[in-house]
Amino acid sequence: RWVQIGTFSFQASEVTKFAIVLSFAHLISINFKRMDTFRYGILPYLIILVPTLLLLAAEPHISCIAIVVLLAAGMLFIGGVKLRWFVIALSVIVGAILYLVIFTDNFSYANDRILGWLDPFNEQIWQETWQTRNSLYAIGSGGLLGWAGKLQAEIPLPAGAPERLYFAIVCEELG
């Protein structure tokens with residue numbers, strides 16, 4: 001997922017989100033009066049979107065796929081695409097998701113994350129839910145007015161965790 005250039009690294013999918021917004025905005029501005037047709041309102045966007053989604057699925061980066069699809073759908077809706085195309089696309093997406101979840105094992109890690117989110121105190125997935133559990137402990141230990149002992153804030157967190165746990169730390173500190 002990450003591209004390393006010397007000491008600089010970035011996530012390619014972040015560039016993808018920006019590129020989708022710019023390219024869709026440009027095409028919608030050019031074809032605004034013809035967005036209700038398949039040739040100008042659907043086809044050019046599918047040509048851009050489908051390969052992008054396939055590359056994101058190959059990473060796999062499911063959350064970025066969801067964000068890109070929602071961005072594209074929002075832009076196309078505002079751009080004037082007929083509602084029937086959204087119904088067709090939603091049917092295809094739901095069918096694809098059901099197929100992938102039921103008949104393949106490609107996204108089993110996503111199932112584990114969902115299970116961990118639903119039940120972070122499950123002992124079978126104890127290691128995978130460490131951050132979620134500690135966030136909940138921090139929120140609970142904050143009480144109504146905050147916790148002076150900073151119990152959870154002093155636990156060493158893995159790399160990248162502090163910016164994901166701001167809400168929990170604020171709840172612990174301020175109540």
Side-chain angles (χ1 to χ4, degrees), residues 1-118 120 128-129 131-132 135 139 157-171:
R1 290 186 188 183
W2 291 87
V3 176
Q4 184 78 29
I5 301 173
T7 60
F8 178 74
S9 66
F10 66 96
Q11 199 167 11
S13 58
E14 297 303 320
V15 177
T16 300
K17 295 173 198 173
F18 185 66
I20 288 289
V21 169
L22 285 181
S23 62
F24 276 35
H26 176 70
L27 288 173
I28 290 170
S29 69
I30 291 172
N31 299 317
F32 185 71
K33 294 184 185 210
R34 301 178 284 189
M35 288 297 287
D36 58 345
T37 66
F38 179 79
R39 182 175 180 186
Y40 295 101
I42 301 296
L43 188 60
Y45 308 97
L46 284 179
I47 291 171
I48 294 170
L49 196 58
V50 169
T52 301
L53 296 178
L54 291 173
L55 288 170
L56 289 171
E59 285 189 31
H61 196 175
I62 305 305
S63 60
C64 186
I65 291 173
I67 291 169
V68 167
V69 167
L70 290 173
L71 279 171
M75 292 185 74
L76 291 175
F77 180 75
I78 292 169
V81 172
K82 289 185 177 180
L83 194 56
R84 70 174 173 196
W85 294 111
F86 291 102
V87 172
I88 293 169
L90 185 61
S91 302
V92 170
I93 289 170
V94 168
I97 289 171
L98 288 175
Y99 173 79
L100 290 171
V101 169
I102 294 171
F103 297 112
T104 69
D105 197 28
N106 293 346
F107 299 105
S108 61
Y109 76 94
N111 292 337
D112 293 341
R113 286 185 179 184
I114 291 170
L115 290 174
W117 180 74
L118 292 173
E128 290 82 15
T129 60
Q131 281 184 331
T132 306
S135 296
I139 292 168
L157 299 170
E163 54 272 358
R164 295 183 190 148
L165 301 177
Y166 283 143
F167 178 76
I169 293 170
V170 167
C171 286

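Quick note: numbers below take in every heavy atom, side chains included, and nothing from hydrogens, waters or symmetry partners.
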Handout entry: Qualifying ring pair (Phe, Tyr, Trp, His ring centres under 6.0 Å) pairs with a residue from residues 68-88, counting only residues at least two apart or across chains
Key =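 Every pair satisfying ring pair (Phe, Tyr, Trp, His ring centres under 6.0 Å) with a residue in residues 68-88: Phe38-Trp85, Phe77-Phe86.
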
[X] side, atom [atom1]; [Y] side, atom [atom2] - distance, nearest 0.5 Å:
{"X": "Leu70", "Y": "Lys17", "atom1": "CG", "atom2": "NZ", "result": "11.0 Å"}
{"X": "Ile93", "Y": "Leu98", "atom1": "CD1", "atom2": "CG", "result": "12.0 Å"}
{"X": "His61", "Y": "Thr16", "atom1": "NE2", "atom2": "OG1", "result": "10.0 Å"}

Closest approach of [X] and [Y], non-hydrogen atoms and distance?
{"X": "Gln4", "Y": "Gly6", "answer": "NE2-O, 2.6 Å"}
{"X": "Arg39", "Y": "Pro44", "answer": "O-CD, 3.2 Å"}
{"X": "Gly41", "Y": "Leu76", "answer": "O-CD2, 4.1 Å"}
{"X": "Ser13", "Y": "Leu56", "answer": "CB-CD2, 3.7 Å"}
{"X": "Ala25", "Y": "Met75", "answer": "N-CE, 3.4 Å"}

Sort out for me which residue in Ile30, Asn31, Ile28 forms a side chain to side chain contact (heavy atoms under 4.5 Å, CB included) with Tyr40.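 Testing each of Ile30, Asn31, Ile28 against Tyr40, the sole residue satisfying side chain to side chain contact (heavy atoms under 4.5 Å, CB included) is Asn31.
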
Open item on the list: Using the side chain to side chain contact (heavy atoms under 4.5 Å, CB included) definition, which of the options Val94, Ile88, Val92 pairs with Leu90?
Closed with: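 With Leu90 as partner, Val94, Ile88, Val92 yield a single side chain to side chain contact (heavy atoms under 4.5 Å, CB included), made by Val94.
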
By side-chain contact (heavy atoms from CB on, under 4.5 Å), Tyr99 pairs with (sequence neighbours left out) Phe103, Thr104

(message) I'd like to check Ile48 versus Leu27 (side-chain heavy atoms, cut-off strictly below 4.5 Å). Are they in contact?
(response) yes

Applying ring-ring contact (aromatic ring centres under 6.0 Å, His included) to Phe32 and not counting sequence neighbours gives none

